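Working notes for the structure below.
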Amino acid sequence: MFAEHERETRRSSIGDPLVGLAKHVDFEALAASIDDAEPRPSRAKGGRPPYPTVLMVKILVLQQLYNLSDDALEYQLLDRRSFLQFLDLTESSSIPDAKTIWLFRDRLAQAGAGTLVFDQVQQQLHQHGYLARCGEIIDASLVQAPVQRNKCEEAETVREGTMPLAWKPYKRAQKDVDSRWTKKHGKNHFGYKLHASIDKRCKLIPKLAVTHAAVSDSTVFEVLLDPNNTSRDVFADRGYPSAEREENLTKAGWRVQIQRKGSATRGISATQKQRNRRIATPRARVEHVFGALAQMGGKFVRCKGIVRTTLSMHLKAAVYNLKRLVFLKETGFIPF
């Protein structure tokens, strides 16, 4: 008689992240921001009414948190009671299927709503007192995409930013013409690149940008600077040094903490090596964030195209911030 209650009590004592999300996150505000940018489909022509936006937002949070495909997510919604409790669907038989989830997410992608969701999460972090503090750390991480098997002439056309005329509509829908190849540490990688600015104090993500993999890290540096951070320190590794950049940052009031990089014919001095080691310790905190994103599936995307990938990365970063918020609140972390 009490077996189910005992299981729920035990699960809560272990630490169910969904309980914390339901307690600390205002999903109604997230849904309202989406409805303002992309109103729900009209029922003027009849048909089944759409699912509530707040329900679909929670489903996307589950998908990003547990790195589930649409089909796997549909199965888990039918199978896992903790998911149903989080969605308030324990007594309902109306569960969105995989196609409904895909259509909702694609509608958000085409409307560019990923940025709105991410910004709304930032507002909720600020309301809880978690402002960007103690400086920021800028870095980038490769995001793998499904490799495209194109002929040489087709690949050349794609690199020019167009599609081969011989491709039929159904083939175009299965091709990713936005991702690119790049090489890192002697290995080839195909996909995109996530550029992020990390709050040094709380390890939150206040800013991010998504590009194809061939874009140099340093070209996105200025876009990621967060003027709202309480500190003017900016940390970065050896991929970002530039005399002109450091001069401009210094004039703008930033305290530059970018590691020095030697050349093929000339190394760095002992003083520069000591400076690099000093910067390495606080800069390493960004690796913790990228590691957490990797655990959530943030190193790979299933979708095709820069529009859908941008939405996916913004949702992933937003869910990471919410997960981090729950951790900070539950552990009593003081943000100042």
Side-chain angles (χ1 to χ4, degrees), residues 7-31 33 54 57-68 73 76 80-83 85-88 114 117-139 141 143 194 196-208 224 226 228-231 235 281-299 312-336:
R7 286 196 299 268
E8 291 183 7
T9 303
R10 184 176 177 183
R11 186 177 67 245
S12 300
S13 64
I14 293 174
D16 186 355
L18 300 183
V19 175
L21 287 174
K23 178 180 178 182
H24 299 293
V25 179
D26 186 359
F27 287 102
E28 294 289 347
L30 289 174
S33 65
V54 64
V57 169
K58 287 184 174 182
I59 288 176
L60 292 185
V61 169
L62 290 174
Q63 185 173 45
Q64 297 297 330
L65 185 63
Y66 293 100
N67 189 26
L68 298 171
L73 179 58
Q76 295 296 338
R80 293 181 64 168
R81 184 169 180 81
S82 61
F83 280 19
Q85 290 177 335
F86 177 67
L87 300 174
D88 295 326
V117 174
F118 184 80
D119 291 342
Q120 175 60 36
V121 170
Q122 293 299 313
Q123 293 181 20
Q124 296 197 27
L125 293 175
H126 295 168
Q127 291 171 1
H128 286 280
Y130 294 100
L131 306 176
R133 300 176 184 274
C134 301
E136 58 184 304
I137 312 168
I138 294 177
D139 204 355
S141 179
V143 179
L194 173 64
S197 171
I198 310 301
D199 164 33
K200 179 173 173 287
R201 171 68 172 171
C202 301
K203 291 196 289 190
L204 297 166
I205 306 176
K207 279 196 170 187
L208 63 89
L224 299 175
D226 183 15
N228 297 321
N229 197 297
T230 59
S231 172
F235 299 83
T281 299
R283 197 210 68 82
R285 293 175 69 82
V286 72
E287 306 300 340
H288 305 164
V289 177
F290 283 128
L293 289 173
Q295 290 179 338
M296 296 167 57
K299 300 286 286 185
S312 177
M313 289 295 98
H314 276 85
L315 289 178
K316 188 72 69 177
V319 173
Y320 164 80
N321 281 343
L322 293 178
K323 182 181 178 182
R324 184 71 181 165
L325 169 65
V326 173
F327 171 80
L328 296 173
K329 295 288 287 186
E330 296 294 333
T331 56
F333 181 85
I334 300 176
F336 49 84

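For this chain, numbers begin at 1 and follow the sequence in order. All values derive from a computational prediction rather than experimental measurement.
- Aromatic ring orientation, His24 versus His128: perpendicular (interplanar angle above 60°, classes split at 30° and 60°).
- Counting heavy atoms from C-beta on, the side chains of His314 and Val117 never come closer than 4.5 Å.
- Using a 4.5 Å cut-off on side-chain heavy atoms (C-beta onward), Gln124 and Phe27 make no contact.
- Once rounded to the nearest 0.5 Å, the distance linking CG of Leu325 with CD of Glu330 reads 9.5 Å.
- Closest of all the heavy-atom pairs between Ala132 and Asp226 is CB-OD2, 3.6 Å.
- At least one side-chain heavy atom of Leu131 sits under 4.5 Å from a side-chain heavy atom of His126.
- The CE atom of Met296 sits 6.0 Å away from the NZ atom of Lys323 when rounded to the nearest 0.5 Å.
- Of all the heavy atoms in Gln64 and Ser312, the pair that sits closest is OE1-O, 4.0 Å.
- To the nearest 0.5 angstrom, Arg7 atom CZ is 12.0 Å from Ser82 atom OG.
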Apply side chain to side chain contact (heavy atoms under 4.5 Å, CB included) to residues Leu60 and Gln63 and explain how you reach the verdict. CA-CA 5 Å; Leu60 292 185; Gln63 185 173 45; 3.7 Å; yes
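- The side-chain heavy atoms of Ile198 and Ile205, taken from C-beta on, include a pair separated by under 4.5 Å.
- In this structure the side chain of Leu18 reaches within 4.5 angstrom of the side chain of Phe83, judged on heavy atoms.
- The shortest side-chain heavy-atom distance between Asp139 and Arg283 falls under the 4.5 Å cut-off.
- Closest approach of Tyr130 and Cys202 over heavy atoms only: CD2-SG, 3.9 Å.
- Summarising the geometry of Val61 relative to Leu21, their closest heavy-atom pair is CG1-CD1, 4.1 Å, with the distance given to 0.1 Å.
- Evaluation of the side chain to side chain contact (heavy atoms under 4.5 Å, CB included) rule for Ser197 yields Glu136, Ile138, Pro206, Lys207, Leu224 as partners, not counting sequence neighbours.
- Separating the CG atom in Leu30 from the CD atom in Gln123 is a distance of 9.5 Å, to the nearest 0.5 Å.
- Using a 4.5 Å heavy-atom threshold, the side chains of Pro282 and Lys200 count as touching.
- Between Leu68 and Leu62, the closest side-chain pair of non-hydrogen atoms is not below 4.5 Å.
- Summarising the geometry of Ala29 relative to Gln120, their closest heavy-atom pair is CB-NE2, 3.3 Å, with the distance given to 0.1 Å.
- Taking CZ from Phe118 and OG from Ser33, the interatomic distance works out to 13.0 Å, rounded to the nearest 0.5 Å.
- Looking at residues two or more places apart in sequence or on another chain, you find a side chain to side chain contact (heavy atoms under 4.5 Å, CB included) between Glu28 and Asp26, Val54.
- Separating the CZ atom in Arg285 from the CD1 atom in Ile137 is a distance of 6.5 Å, to the nearest 0.5 Å.
- The two residues Phe86 and Ala22 make their nearest non-hydrogen contact at CE1-N, 4.1 Å.
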I'd like to know whether Ser141 forms a side chain to side chain contact (heavy atoms under 4.5 Å, CB included) with Leu293, so could you lay out the CA-CA distance, the side-chain angles of the two residues, the decisive distance to 0.1 Å, and finally the verdict. CA-CA 10 Å; Ser141 179; Leu293 289 173; over 6 Å; no
